[in-house]
Protein chains: 2
Amino acid sequence: MNVIAETIKKGRKFDQVIEGARAIFMRDGFEGANVDDIAKAAGVSKATLYSYFPDKRVLFAEVARQECERQSQSTISVVDTATDPREAISHIAWAMVEFVTSDFGINVFRICVAESARFPELGCQFYDSGPKLVRERVGEYLSCAVAQGHFEIDDVELAAEQLMELTKTYIFPRILCGIQLKFSMEEKKRIVDGAVDMFMARYAAKA
Amino acid sequence: MNVIAETIKKGRKFDQVIEGARAIFMRDGFEGANVDDIAKAAGVSKATLYSYFPDKRVLFAEVARQECERQSQSTISVVDTATDPREAISHIAWAMVEFVTSDFGINVFRICVAESARFPELGCQFYDSGPKLVRERVGEYLSCAVAQGHFEIDDVELAAEQLMELTKTYIFPRILCGIQLKFSMEEKKRIVDGAVDMFMARYAAKA
DNA sequence: CCGAAACTGAACTGCCCGGTTTATACTGGG
DNA sequence: CCCAGTATAAACCGGGCAGTTCAGTTTCGG
């Protein structure tokens, strides 16, 4: 048995607590979530839960932190500078759209927005490990591509941010308002192609 | 005295209640708002408040409805088809940016996002009287301008939605995460100009 | 100036929920 | 087999808050 990993954070049920908390927080948000429900979902007593975390906020912060970390690793896959620039932009756009429309993306974002007023550090944490990080990666790729003469871009940071924003077209407002949560392949393709066309029209090197 | 208008909704203090409710809901959100505070802010007793509205949710829905209605009128000013197309697009972009960065825009949006899970009809209401309406107006303008040969657009609806989304670049993620709530004129100009440049590069008639 | 309707304020009910306590039981190493 | 650390269930506390009630006051049309 993996004695080391299981025991460092003294207490066998630490992971269960996190797991249960994630499930309930994702479903109900911070205010909406009920500690009794979390304990039940985790298959753990409330007393045990409170032996690990001093209060609900800290528990939530820990769940959010873990989630953001996980996300930042999975979402930003490497963009190969060698490939066709249009191809590369399309690849980035697809990754963005898939993330934005994922259950996880929707929920984390909703919670961050809802709670950032009463919970400022959370918003920053999410921004840094989400949008900001992605923007930096995209910016890196664009800088390389510009150096290679594929694009003509004055303000790389702006261009990166525009590309990211374009991929939310149509989708984002609908998700945030709860109008539509699932999008078909055709819908996504329309948005991705639209974003790529627009980006290339603006920034592709003319030569 | 304006007997008609004041009396239809039997009760002298109806407007006061709405006014107080708006103030508190804007400040604290739905869950965060406290009915006692609303009554106090409205200068009205709780009993009076409850004589107008059966419960907190209905009160909130009414406030939100009024706000959206008001917004839709003020934000979408008429776009003169006669003006230079670039000028017109710039005008639309500015209106969007100003709305998105306004206290009111920020709050309404935050509340809608936060509450749309437990309050589905609110999200729809907001979407219909906000994003959807604006998109339709922008679409109308674009259709006219296309007919006049100013633009070349296949999918007008997509183009309208892209323009709206582009105006949120940089600003929106920061607001929603609570990183930054106020934006200088220079920052706004950068976004607006970036959006206009991009839109024109993609859709302006080549002739 | 009368009387009905509107309004008041303050106390009260009932519920929910975060967090604590307690008394008991399980588990695993020495 | 023992004991110390860990887990549990359930009762409990206290505060906050939506919504109600009621006895008394204000407002205003007729």
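In this text the structure is predicted, and so the values were computed from the model without any measurement.
Between G32(A) and A47(A), the residue anchored closer to the 5' end of DNA chain C is G32(A), taking for each the nucleotide with the nearest heavy atom.
Put simply, S45(A) has no side-chain N or O that comes within less than 4.0 Å of OP1 or OP2 on dA7(D). OP1 and OP2 of dT27(D) both lie 4.0 Å or more from every side-chain N or O belonging to K13(B). For the pair Y52(B) and dC7(C), the criterion of a side-chain N or O lying under 4.0 Å from OP1 or OP2 is met.
Of the listed nucleotides (dT20(C), dT8(C), dA7(D)), dA7(D) has the atom at the smallest distance from the side chain of T48(A). Comparing dT27(D), dG18(C), dT8(D) by their nearest atom to the side chain of R12(B) picks out dT27(D).
Summarising the geometry, the separation between CG on D15(A) and P on dA7(D) is reported as 12 Å, rounded to the nearest angstrom. F60(B) places its CZ atom 14 Å from the P atom of dG19(D), with the value rounded to the nearest Å. Note: OH (Y50(B)) to P (dT8(C)) measures 15 Å, nearest angstrom. In this structure, the CG atom of D55(B) is 5 Å from the P atom of dG19(D), given to the nearest Å. Computed from coordinates, the D36(B) CG to dT8(C) P distance equals 14 Å when rounded to whole Å. Here the C1' atom of nucleotide dG9(C) and the CG atom of L49(B) are 14 Å apart, to the nearest Å. Protein atom CZ of F14(B) is 16 Å distant from nucleotide atom C1' of dC7(C), rounded to whole Å. Between the CZ atom of F53(B) and the C1' atom of dA18(D) there is a distance of 16 Å, rounded to whole Å.
In this structure, E161(A) and Y170(B) approach most closely via the heavy-atom pair CG-N, 3.5 Å. T167(A) and I191(A) get closest at one heavy-atom pair: O-CG2, 3.7 Å.
In this structure a side-chain-to-backbone donor-acceptor pair under 3.5 Å is missing from T48(A) to V44(A).
Scanning atom types as modelled, no donor and acceptor separated by under 3.5 angstrom connect the side chain of K56(B) and the base of dG19(D). The base of dG9(C) lies outside donor-acceptor range of the side chain of K46(B), with no N or O pair under 3.5 Å.
Residue A33(B) is classed as a sugar-phosphate contact, given heavy-atom separations below 4.0 Å to backbone atoms only.
A tilted orientation is assigned to the rings of F60(B) and F30(B), their planes being inclined by 30° to 60°.
Side chains of F183(A) and I175(A) form a contact here, defined as non-hydrogen atoms less than 4.5 Å apart.
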